[in-house]
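First comes the structure, then the notes that go with it.
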Amino acid sequence: YHVNEGNYIDSNIEKSVVDLVIDKDEILTLVKDIIASSSSSSSRRSTASDNSSSSSSSSTTSPPLIVGISKDLSMVKEQYYIHLAFPYPSTAQEKNNDGSSSTVQHYNRRVQVPLLTFCQTLSQEFESVLTSNAKCFIADASSSLSSHIFTTILQKCETSLQIPTVQEPAWMTIVAMLLRRKEISHMDGEKILYSLCRMESLKLQYEQRIGSKHKTVVFVLPGQGCTQMLLPVLQKLFPCERHVFAYDGCVDSVKRGLWMLSSLNKKNRRNVGVGNLPLVYSAMPRNISATVPLMTMMKKLPQLPDLLAKLSRDTSSIVEAWISSVDALIVLKEKEKENMYTPFVCRMEFLLKGESGNAGNEERGRLALCNVLQYITGSRSRALDDATLDAAQSVLMDLRKEWRDEMAACKELSQDTRTEIEDCVFSHKMILIGDKTLPDTVIPKVEWSLKAAKKLTSCACCFPGEDGDEDGSQAGDEDNVVDEFAMSTVKTTSSSNARNGYVDGKSKFAFDPSVFTGMK
């Protein structure tokens with residue numbers, strides 16, 4: 001069965017109205033029509049400003065909605081197909097909860113295309129098309145707490161921020177599963193992720209939801225169970241885009257994950273938490289993506305199986321998913337000079353524990369929100385206006401109340417269970433969370449910095465970035481991080497040469513060669 005505008009219809013009935021496109025020439029034509037919609041959106045924007053008719057775009061195929069990826073057992077059994085739904089122009093309006101109205105999107109054409117052929121063709125065509133939109137990928141290690149927080153803030157402030165979100169797409173989870181099972185090659189997986197991310201951005205551009213100020217699309221990745229599989233590939237494909245890694249403590253993540261699982265059969269609580277916005281039907285259910293690890297850590301951590309065996313099935317699954325997500329961050333940062341992975345490492349506690357009445361925590365929470373929004377929007381050197389920040393702060397205050405209610409509803413873990421969870425985490429020797437802070441976590445400050453940009457100027461006896469406060473070079477845009485790396489390297493090298501009179505033979509001679517002048 002498949003969902004059609006909220007109603008379930010029989011798959012055989014739906015199949016009778018689905019266009020099967022398998023010819024390579026037809027696929028190429030379909031792809032070219034989809035990409036041509038980018039220029040159509042620009043023309044629609046200009047014609048709208050002139051109050052003229054926008055019917056000229058009706059001849060162009062608008063970017064489709066990705067319904068899903070699956071096999072078709074009635075055809076080639078080993079081939080995967082991508083199912084697309086194409087909308088048609090509609091002027092119908094419907095009322096939103098806040099009293100505003102929006103255009104109803106109807107889909108009148110269903111298309112089934114071979115996944116690899118479609119994405120390879122789409123990727124090849126996109127490589128010759130420049131994009132004017134930036135992307136920001138948000139990875140999670142908090143049992144989807146960060147996914148809910150950032151999605152809610154960006155959606156409720158979309159009028160002022162004009163930054164649309166691609167919310168935990170189910171197709172990403174399917175691609176991650178195909179990569180894990182090795183049903184597709186790594187190269188094919190890269191082409192699928194690259195082409196479909198570009199198409200998602202194109203769809204939002206066509207719908208004129210991307211603002212001209214920030215020109216950013218946010219991809220909220222499926223939950224922590226998928227991070228280890230997806231994050232390295234996305235970083236390789238989009239190394240110059242913005243990346244946020246948001247995390248919470250493992251114990252709190254387990255409590256939230258168990259609460260989501262226990263809430264499955266309760267009315268109006270399926271796949272969502274208290275106050276969560278309903279997930280779009282093309283999104284991955286959080287109770288799955290946050291609690292099921294796609295990649296096992298048992299081979300990498302030989303002690304982990306015995307430690308997980310002491311926990312319940314659901315608890316051990318969530319713990320392993322959390323560890324795998326954090327491991328993805330650590331592995332990438334070990335080679336950050338090669339892969340250019342310098343994310344905004346966001347500790348959710350900074351955002352959520354800004355209690356009113358406590359001046360210190362309240363100011364820290366506001367700074368944390370301001371810092372991460374500056375990074376997501378790429379506006380660090382162009383401060384966000386006060387109205388936007390106040391609106392985002394108001395949404396965050398509501399989210400804090402919901403979070404406190406949610407934590408109160410979570411079942412408290414026994415001290416023995418907490419100890420067993422911590423033993424599992426500490427089996428990963430690189431996760432040092434004595435202060436519950438992962439390496440390079442951005443500390444809320446007015447002149448904040450990505451710690452990776454400061455690490456090279458710190459001495460070995462200090463915590464990374466502790467020996468000096470932010471200077472002018474560290475207060476620039478995050479786009480200049482690579483240049484700051486280079487500058488820090490030069491400074492470190494020059495200072496070390498002069499230290500204690502030691503000489504670097506690569507920069508100057510260890511002796512005066514003039515004393516040998518004239519020697520025979």
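Quick note: numbers below take in every heavy atom, side chains included, and nothing from hydrogens, waters or symmetry partners.
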Basic-acidic side-chain contact under 4.0 Å: Arg366, Asp390: yes

Carboxylate-amine/guanidinium contact Arg418 Glu412, below 4.0 Å: yes

Non-neighbouring partners of Arg181 that pass salt bridge (Lys or Arg N to Asp or Glu O under 4.0 Å), sequence neighbours left out: Glu183

Contacts of type salt bridge (Lys or Arg N to Asp or Glu O under 4.0 Å), residue Glu422, not counting sequence neighbours: none

Test ring-ring contact (aromatic ring centres under 6.0 Å, His included) applied to Phe238 - qualifying residues, sequence neighbours left out: Phe137, Tyr194

Neighbour count above 12 (heavy atom, 6.0 Å) for Lys71 NZ: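 Yes, the 6.0 Å shell around NZ holds more than 12 heavy atoms from other groups.
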
Gap separating the OG1 atom of Thr173 from the CH2 atom of Trp171, nearest 0.5 angstrom: 9.5 Å

Nearest-0.5 Å distance that lies between atom CD1 in Ile318 and atom OG in Ser143: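 The CD1 atom of Ile318 sits 5.5 Å away from the OG atom of Ser143.
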
side-chain contact (heavy atoms from CB on, under 4.5 Å) partners of Ser128, counting only residues at least two apart: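 Per chain and number, Ser128 pairs via side-chain contact (heavy atoms from CB on, under 4.5 Å) with no residue.
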
For Ser185, side-chain contact (heavy atoms from CB on, under 4.5 Å) partners two or more places apart: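 With sequence neighbours excluded, Ser185 shows a side-chain contact (heavy atoms from CB on, under 4.5 Å) to Met187, Asp188, given in chain and number order.
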
Donor-acceptor pair between Ser70 and His83 side chains, under 3.5 angstrom: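 Note: Ser70 and His83 side chains meet the donor-acceptor criterion.
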
May I have the list of side-chain donor-acceptor pairs in residues 227-236 shorter than 3.5 Å, sequence neighbours left out?
{"residue": "Thr227", "atom": "OG1", "partner": "Asp140", "partner atom": "O", "Å": "3.2"}
{"residue": "Thr227", "atom": "OG1", "partner": "Ser325", "partner atom": "OG", "Å": "3.3"}
{"residue": "Gln228", "atom": "NE2", "partner": "Asp327", "partner atom": "OD2", "Å": "2.9"}
{"residue": "Gln235", "atom": "OE1", "partner": "His243", "partner atom": "NE2", "Å": "3.1"}
{"residue": "Gln235", "atom": "NE2", "partner": "Asn339", "partner atom": "O", "Å": "2.6"}
{"residue": "Gln235", "atom": "NE2", "partner": "Met340", "partner atom": "O", "Å": "3.4"}
{"residue": "Lys236", "atom": "NZ", "partner": "Glu190", "partner atom": "OE2", "Å": "2.9"}

Heavy-atom pair of closest approach, residues Cys410 and Trp259: SG-CB, 3.6 Å

Sidechain-backbone polar pair: Thr291 side chain, Asn287 backbone, donor-acceptor under 3.5 Å: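 Side chain of Thr291 to backbone of Asn287, a donor-acceptor pair under 3.5 Å: yes, one is there.
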
